[in-house]
Amino acid sequence: MADNAQAQIELHKALAPRYAYRYSFEFSRLFQDDWHGELLSHLPPRSKRVLDLGCGTGFFLAELDQKRPGAVGLDISHAMLRVSEQYVPGARLVTADAEKLPFRDRSFDAIFCKGSLHHTRDHIAFLENCRRALDKDGVLIMSEPCNDNFMIRWARYLLYRFSPHFDLGDQGFTKSGLIELYERAGFEVTHAGRYGVFAYVLAGFPDHLGILRWVPGNVALVRFFLKLDRWICSLRFLRILSFQVVMVGKPKA
Ligand SMILES: C[S@@+](CC[C@H](N)C(=O)[O-])C[C@H]1O[C@@H](n2cnc3c(N)ncnc32)[C@H](O)[C@@H]1O
């Protein structure tokens, strides 16, 4: 576990500048804003104390902090948090390991995790920490890579196997696997939905596929794909094409 924590720190030290690049294009920001909107749509209006767990370079945290001033961002990578400081000067940033959260019980009304759970190894410890850090009416809102579809599973495997920007140990989840993890960690699942198909491929990672930023009309295409993806994710036999699962849960009484 300690080895993985160190590996994640090293991996994200190299990735920190790439994230700023990733979010620097209009078409990729449009996509990320929509993704953030999807996560924020699950934030109960009464939630005031919010945490972004694995906040990275802080692009989501910046939006969260606008909605809930005083938002807290936590990440294991100090290099990622140093970028966050530029984007979210008002937020409270904490360098720590999500598997050993440094907060008192019931410190938050909502915890967001956008793509951080799969970087850890003890998923139950991560989720149990979240449960303890949440108030009894709190919510855990998460978006994680979904490996339900065998094509996506293989594409991810190849990417993780051959790109230095991924760790082979960081694998995606199945939707049912995530539901089971939530339940084992003491959460009641209130939402398990799908997100991201074509817009995710076109606009999610221009730092990995630089050519995408030259695609003519990429902003208009993302707008169109965002609508198409929502439709696909609403259809029983097609939603398996999605790259992400959005999970929402609350601590069991
Ligand atoms: C895929 S990035 C996502 C960053 C950010 N949420 C975003 O969407 O841009 C995953 C983040 O999780 C962080 N991370 C990995 N393992 C962690 C751990 N054990 N505790 C806290 N953060 C961790 C990484 O440093 C990285 O910033």
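When a ligand or atom number is given, it counts from 1 through the structure's own listing order. Only a predicted model underlies this, so the values are computations on that prediction, with no experimental measurement involved.
Of the candidates R194, K175, R153, D148 forms a salt bridge (charged side-chain N to carboxylate O under 4.0 Å, His left out) with just one, namely R194. Of the candidates V72, L140, L53, V50, F108 forms a side-chain contact (heavy atoms from CB on, under 4.5 Å) with just one, namely V72.
Going from atom OG1 of T190 over to atom OH of Y182 covers 8.0 Å, rounded to the nearest 0.5 Å. For the atom pair CZ of R106 and CG of D135, the computed distance is 6.0 Å after rounding to the nearest 0.5 Å.
Looking only at protein heavy atoms, the nearest one to atom 19 (N) of ligand 1 is D97 OD1, 2.8 Å. Protein heavy atom closest to atom 15 (C) of ligand 1, with residue, atom name and distance, is H119 CB, 3.5 Å. Taking atom 25 (O) of ligand 1 as the reference point, the nearest protein heavy-atom neighbour is D75 OD1, 2.6 Å. Counting only heavy atoms of the protein, atom 20 (N) of ligand 1 lies nearest to A98 N, 2.8 Å. Scanning the protein for heavy atoms near atom 1 (C) of ligand 1, the closest one is Y19 OH, 3.2 Å. G54 O, 3.4 Å is the protein heavy atom nearest to atom 5 (C) of ligand 1. The closest protein non-hydrogen atom to atom 17 (C) of ligand 1 is I76 CG2, 3.5 Å. In terms of protein heavy-atom proximity, atom 3 (C) of ligand 1 is nearest to K114 O, 3.4 Å.
Within ligand 1, the atoms closer than 4.0 Å to a non-hydrogen atom of A96 are 20 (N), 21 (C), numbered from 1 in the order shown. In summary, the atoms of ligand 1 found under 4.0 Å from a heavy atom of M80, numbered by their order in the structure, are 27 (O). Heavy-atom contacts of G56 reach the following atoms of ligand 1: 4 (C), 27 (O) (cutoff under 4.0 Å). For ligand 1, the atoms closer than 4.0 angstrom to any heavy atom of G115 are 1 (C), 10 (C).
Applying the 6.0 Å contact sphere to CD of Q86 captures more than 12 heavy atoms from other residues, nucleotides or ligands. Heavy-atom contacts from other residues, nucleotides or ligands closer than 6.0 Å to CZ of F198 number 12 or fewer.
In this structure a side-chain-to-backbone donor-acceptor pair under 3.5 Å is present from K252 to E183. When atom types are taken as modelled, the side chain of E144 and the backbone of V246 share no donor-acceptor pair closer than 3.5 angstrom.
Heavy atoms of F126 come nearer than 4.0 angstrom to ligand 1 in no pair at all. Note on ligand 1: G58 sits outside its first shell, no heavy atom being nearer than 4.0 Å. Using a 4.0 Å cutoff on heavy atoms, A5 does not count as a contact of ligand 1.
A distance below 6.0 Å separates the ring centres of F31 and W35.
Residue contacts with ligand 1, taken as heavy atom pairs separated by less than 4.0 Å, do not involve C113 at all. If you look at Y23 next to ligand 1, the close heavy atoms, those under 4.0 Å, all belong to the side chain.
Contacts of Y157 classified as side chain to side chain donor-acceptor pair (under 3.5 Å), with partners at least two apart in sequence or in another chain: none.
In terms of N/O distances under 3.5 Å, ligand 1 is not approached by L74. Looking at ligand 1, you won't find any N or O of H118 less than 3.5 Å from one of its N or O atoms. For the pair S116 and ligand 1, the shortest N or O to N or O distance does not fall below 3.5 Å.
R46 has no carboxylate O lying under 4.0 Å from a charged side-chain N of D137, or vice versa, which leaves the two without a salt bridge. Ion pair K114/E38 not flagged as a salt bridge, since none of the NZ, NE, NH1 or NH2 atoms sits closer than 4.0 Å to an Asp/Glu carboxylate oxygen.
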